[in-house]
Amino acid sequence: MKKVLLIITLFLLLPTTTLAKTYELKNSEIIISFDDENWTVATREDIRNSSLVKKYNMNYKDIESLLEKNSAYAYAINNDNVKKILEFFVVSPEMSFGYDDNQINEFGEILVEETGADSYTIYENDYKYIKIEYYDFNSKVYLLDYHTIVNSNYYVFKAQKNSEFNEEEKQQIKEIIDNVIIQKVANETNFKIDWIDAITKSVSYMIGVAIACFIIRKINIKNNKNES
């Protein structure tokens with residue numbers, strides 16, 4: 001009996017394992033993981049059969065077209081609260097940058113100016129990110145972005161919701177960021193472009209991506225509720 005109790009006790013003390021699914025986002029060099037218990041995901045490669053399309057009764061052609069037109073590679077919805085849905089996007093504008101790490105503060109200042117954020121922070125793991133939080137008055141959503149330039153390519157990991165982010169949600173987003181792998185080996189670039197001007201233009205463009213996805217999400221979930 002004592003042995004049985006000891007086994008049960010040890011089992012209860014073991015840390016719970018996270019059921020994470022890994023996605024290799026083709027043509028973007030990104031490998032990203034989402035906790036299956038917390039996120040429902042669609043990527044360009046598997047939209048029609050994705051659990052996100054099935055769960056929320058979305059038209060896969062609309063999502064497919066939206067992702068392709070806006071250089072977005074993944075779209076995920078947090079499962080915790082349907083009424084206050086947290087959405088996550090992986091975006092990579094199809095442009096290259098002659099960029100140097102010593103310009104990262106200038107990068108942050110430009111992003112703050114373009115998004116209307118109060119400030120930025122530099123978050124560093126295997127890569128350096130500009131992290132910003134802000135409210136978009138046009139779309140009426142709160143946004144939490146991680147921007148980075150790796151191998152001369154610009155990547156944005158964007159979360160949004162219609163209420164402020166709580167600490168648990170921020171931690172979930174950080175965990176996604178900490179597991180991002182960008183595969184491409186850095187190449188020497190023989191060109192220099194006005195990367196600040198390019199970022200300025202692409203920030204406005206990416207906010208449009210998020211707004212468009214948010215509208216589609218609201219329409220489809222409303223339709224799904226009406227059918228149930």
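Positions are given from 1 along the sequence.
With contacts defined as side-chain heavy-atom distances shorter than 4.5 Å, the pair Phe88/Tyr75 does not qualify. Ile31 has its side chain within reach of Gln183: a pair of non-hydrogen atoms, C-beta onward, lies under 4.5 Å apart. Two residues are said to be in side-chain contact when any heavy atoms from C-beta on lie closer than 4.5 Å; Ile182 and Val180 meet this criterion. Side chains of Ile77 and Leu86 form no contact here, defined as non-hydrogen atoms less than 4.5 Å apart. By the 4.5 Å heavy-atom criterion applied to side chains, Tyr23 and Val41 are counted as neighbours. Counting only heavy atoms from C-beta outward, the side chains of Asn105 and Tyr120 approach each other to under 4.5 Å.
Taking Ala42 as the reference, Ser50, Leu52 meet the side-chain contact (heavy atoms from CB on, under 4.5 Å) condition, with sequence neighbours excluded. Residues that satisfy the ring pair (Phe, Tyr, Trp, His ring centres under 6.0 Å) test with Tyr146, not counting sequence neighbours, are Tyr123, Tyr129. Remark: Glu168 engages no residue in a salt bridge (charged side-chain N to carboxylate O under 4.0 Å, His left out) (not counting sequence neighbours). Remark: Lys61 engages Asn59 in a side-chain contact (heavy atoms from CB on, under 4.5 Å) (not counting sequence neighbours). Among residues two or more places apart in sequence or in another chain, the side chain to side chain donor-acceptor pair (under 3.5 Å) test is passed with Asn179 by none. Shown here are the side chain to side chain donor-acceptor pair (under 3.5 Å) partners of Ser33, two or more places apart in sequence or in another chain: Thr22.
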Legend entry - Verdict with reasoning, Gln172 to Asn78, per side-chain hydrogen bond (donor to acceptor under 3.5 Å, both in side chains): CA-CA 10 Å; Gln172 287 179 356; Asn78 187 282; 2.7 Å; yes

Inset, instruction - Show your working on side chain to side chain contact (heavy atoms under 4.5 Å, CB included) between Ile130 and Thr148 and close with a plain yes or no. - result: CA-CA 6 Å; Ile130 295 294; Thr148 190; over 6 Å; no

Inset, instruction - Show your reasoning for whether side chain to side chain contact (heavy atoms under 4.5 Å, CB included) applies to Asn153 and Glu29. - result: CA-CA 10 Å; Asn153 293 319; Glu29 293 86 42; 3.6 Å; yes

Inset, instruction - Dump the intermediate steps for side-chain hydrogen bond (donor to acceptor under 3.5 Å, both in side chains) on Glu45 and Tyr73, then the final yes or no. - result: CA-CA 9 Å; Glu45 292 73 42; Tyr73 292 86; over 6 Å; no

Inset, instruction - Run the numbers on Ile173 and Leu144 for side chain to side chain contact (heavy atoms under 4.5 Å, CB included), then give the verdict. - result: CA-CA 9 Å; Ile173 295 161; Leu144 172 56; 3.6 Å; yes

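The backbone N or O of Gln103 lies less than 3.5 Å from no partner atom in the side chain of Glu106, so there is not a single donor-acceptor pair. Remark: side-chain polar atoms of Arg44 are paired, donor with acceptor, to backbone N or O of Ala72 under 3.5 angstrom. For the pair Asn125 (side chain) and Tyr127 (backbone), a donor-acceptor distance under 3.5 Å is present.
Taking every heavy atom of both residues into account, Ala76 and Phe34 meet most closely at CB-CE2, 3.8 Å. Among all heavy-atom pairs drawn from Tyr155 and Val150, the shortest one is CE1-O, 4.0 Å. Smallest separation of non-hydrogen atoms from Ile132 and His147: CD1-NE2, 3.9 Å. Nearest heavy-atom pair, Tyr134 versus Thr115, reported as atom, atom and distance to 0.1 Å: CD1-O, 3.6 Å. The shortest heavy-atom contact between Phe165 and Glu169 is CA-OE1, 3.4 Å. Pairing each heavy atom of Ala117 with each of Val112, the nearest pair is O-CG1, 3.1 Å.
The line from OH of Tyr142 to CD of Glu164 is 4.5 Å long, rounded to the nearest 0.5 Å. If you take CD on Glu175 and CG on Asp178, they are separated by 8.0 Å, rounding to the nearest 0.5 Å. Once rounded to the nearest 0.5 Å, the distance linking CD of Gln160 with CG of Asp136 reads 8.5 Å. Going from atom NZ of Lys131 over to atom NZ of Lys174 covers 8.5 Å, rounded to the nearest 0.5 Å. Atoms CD1 and NZ, on Ile149 and Lys128 in that order, are 12.5 Å from each other to the nearest 0.5 Å. Taking CD of Glu133 as the reference point, atom CG of Asp145 lies at 9.5 Å (rounded to 0.5 Å).
Classification of Glu64 and Arg48 as a salt-bridged pair fails, no side-chain N sitting under 4.0 Å from a carboxylate O. A salt bridge does not link Lys21 to Asp36: none of the charged side-chain nitrogens sits closer than 4.0 Å to a carboxylate oxygen. Glu87 has no carboxylate O lying under 4.0 Å from a charged side-chain N of Lys158, or vice versa, which leaves the two without a salt bridge.
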